Colleague: 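Provided herewith is a single structure, encoded as structure tokens, for subsequent inquiry.
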Amino acid sequence: MEDQEKIIQIAGSITVDELAKELGLSVTSLIGELFKEGIVATINQRLDFDTASLIIEELGISNVRLEKKNTATQTSEARRELSDHAVERPPVVAVMGHVDHGKTTLLDTLLNKKTVEAEAGGITQHISAYQLEHEGRKITFLDTPGHEAFAAIRQHGAMLTDIVVIVVAADDGVKPQTVEAIKFAQGANAKIIVAINKIDREGADIPRTMADLSQHGLQPEEWGGDITMVPISAKRGDNLDKLLDMILLTADLEELKADVDIPAEGLVIESHMEVGKGSVVNLLVTGGELKTGEFIVAGSAYAKVRTMVDFKGRPKGKATPSTPVTITGFKELPNFGDRFVECPDEKSARKQALLNAQGNSDALASSNVTSTDLLRMMNVADNSKTFNVIVKGDVLGSVTSVVDSLKMIDTHGEVTLNIVSTGVGDITENDIYMAAGDNTVIYGFNVSVPTNIAKMAARDGVSVRNYRVIYELLDDAKSSMEDLLDAEVVEEEIGEMKIKGVFRTERTSIIAGGEVLTGKVSAKVNGANGEVPVLGRVYRNKELIGEVQVDSVQKEKMAVDELVAGETGGIAFKLEKRITIELDDRVKFFTRELKKKRL
Ligand code: GDP
């Protein structure tokens with residue numbers, strides 16, 4: 001008997017609770033199952049489409065299929081409501097597809113001149129977005145070397161891609177990453193245009209590629225479907241104008257607009273540190289106009305926009321919607337994929353950053369933050385240390401759960417967790433590059449570290465820590481965060497002595513005798529970090545005279561290890577500063593140690 005297939009429609013995400021209900025499982029058993037997959041989840045946790053699908057797959061539930069709710073309304077939800085005087089903006093286009101199908105070649109050919117110029121200038125930095133002009137109109141291209149970028153951006157719930165150009169090699173057809181790209185585009189509610197590439201190749205078979213694509217839900221317009229497919233040769237440049245025409249046409253149908261008279265906002269699409277410049281951050285403006293000198297906040301980081309340049313490195317005083325820019329001025333690196341917003345002044349930017357640093361905007365939204373709270377937060381944040389991490393996982397679900405679990409480590413506000421970037425897949429050169437010089441730890445979960453990458457990490461002093469068990473990873477993170485805490489000075493009382501005679505007083509030493517009233521006295525004791533010297537405070541009628549150190553202990557003229565309560569003996573004291581000890585003085589013995597704080 002075959003079970004009937006059940007289709008669960010989800011919009012952006014689904015809570016663990018809802019999913020359990022849909023699957024007919026109890027919440028606890030679903031959480032248990034998730035746990036087995038290395039995902040630590042709570043009942044109200046939201047799982048995105050991919051994570052939920054993956055879980056269903058990994059649970060071996062074959063009669064349930066997830067489907068994206070068709071979400072015309074969702075797009076406007078994810079994007080800001082527009083006013084009626086919103087203006088047209090350039091489309092934001094991502095080029096995706098299977099490896100070697102020609103994404104880089106396509107971008108290079110399109111941006112030919114620009115790329116050459118950049119290289120001639122010796123600029124090797126990774127530029128994450130470009131703008132080019134076609135028919136007098138601008139098109140913004142996102143350079144997406146890996147799908148990690150999108151995973152991260154999607155995790156932050158932002159839908160910034162209007163159009164996804166899926167590159168499929170006509171001699172190779174639909175491959176796993178092609179399917180991923182299709183899924184991504186659908187998930188992001190982006191319009192799809194297919195570029196059937198390498199048509200100059202002998203084995204190129206356009207109709208077969210189209211049939212292949214139809215099998216995956218993309219019906220070509222030529223066959224009565226709704227997907228524009230443009231046969232191109234990225235290498236020779238064939239039909240690229242047609243592709244750009246189609247991008248603009250699609251943009252026109254979408255009526256892409258943005259408000260410009262609102263505070264600037266957008267997304268962080270890349271961030272790294274550069275010698276001499278500090279933080280260098282690529283932003284994509286999605287609304288308003290960003291100008292130099294303005295204040296912006298992104299997550300827990302804020303900036304006064306010090307310099308702003310376009311993708312060619314030319315200074316720009318003002319950036320309008322859909323414009324990618326590179327700015328300096330962030331005090332700390334914002335997270336990739338974070339939304340940024342303009343603030344009226346430094347004070348409010350700082351405040352907002354602190355509020356964001358508290359992590360949980362939901363909690364903040366539902367609780368009123370008083371000025372006292374704010375002050376407290378500011379004080380805490382001022383003394384706080386930052387633990388920078390990059391998280392790589394085998395699948396999106398594991399990345400999400402590692403990140404969420406890391407965020408749940410309670411640091412009592414003393415350590416700020418800064419997730420520099422996250423991604424699916426093995427540790428890469430780029431991860432090392434991002435982590436280098438910045439005290440950033442790379443956590444891998446169920447991924448591998450290729451030998452050359454491990455070597456590179458060792459060379460650059462980057463710590464790569466790979467785990468297969470989430471709790472081990474979390475323990476490591478916790479103790480690393482504890483390592484960041486300043487050690488505390490801890491004093492421990494040992495005993496007290498009453499002086500009964502002083503035998504010799506010199507500049508740096510005193511020999512005196514007395515009776516141990518409480519505890520004991522010795523020259524050294526075992527402390528938390530090994531042997532520590534015993535110190536003493538000398539009191540005369542309750543007045544503190546000074547501090548001494550116990551050099552040696554004697555009983556009946558014989559050196560002994562210690563004197564205990566009730567015993568009388570002699571002590572040689574070492575002095576840091578010249579003081580006197582007199583008859584009837586009391587010496588309180590203690591140890592002083594630096595102890596690591598624990599979370
Ligand atoms: P990516 O991994 O998708 O970025 O692919 P690349 O752009 O690196 O291209 C992979 C290989 O295919 C390179 O050797 C390119 O020169 C080649 N290639 C890309 N586009 C074309 C094309 O239109 N025609 C031919 N013949 N080769 C191409």
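All ligand and atom numbering here is 1-based and tracks the order in the structure. Counting begins at 1 with the first residue of the sequence. The structure displayed is predicted, hence computed values, not measured ones.
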Colleague: Can you label the angle between the Y130 ring and the F311 ring as parallel, tilted or perpendicular, going by 30° and 60°?
Modeller: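 Answer is perpendicular, since the angle exceeds 60°.
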Colleague: Pair T140, Q131 - check side chain to side chain donor-acceptor pair (under 3.5 Å), show working.
Modeller: CA-CA 4 Å; T140 302; Q131 239 181 6; 3.0 Å; yes
Colleague: Is any NZ, NE, NH1 or NH2 atom of the basic residue among K175 and D100 found under 4.0 Å from an Asp or Glu carboxylate oxygen of the other?
Modeller: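 No, no charged N to carboxylate O under 4.0 Å.
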Colleague: T109 and side chain to side chain contact (heavy atoms under 4.5 Å, CB included): which partner among L107, T105, L106?
Modeller: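 One option only clears the test, and that one is T105.
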Colleague: Show every salt bridge (charged side-chain N to carboxylate O under 4.0 Å, His left out) that has at least one partner inside residues 232-252, sequence neighbours left out.
Modeller: R137-D252, R236-D238
Colleague: Show me, by chain and number, every protein residue that has a heavy-atom distance under 4.0 Å to ligand 1.
Modeller: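 Correct list: H98, V99, D100, H101, G102, K103, T104, T105, N197, K198, D200, R201, S233, A234, K235.
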Colleague: Would D212 and T209 count as a side chain to side chain donor-acceptor pair (under 3.5 Å) here? Give the steps.
Modeller: CA-CA 5 Å; D212 223 4; T209 310; over 6 Å; no
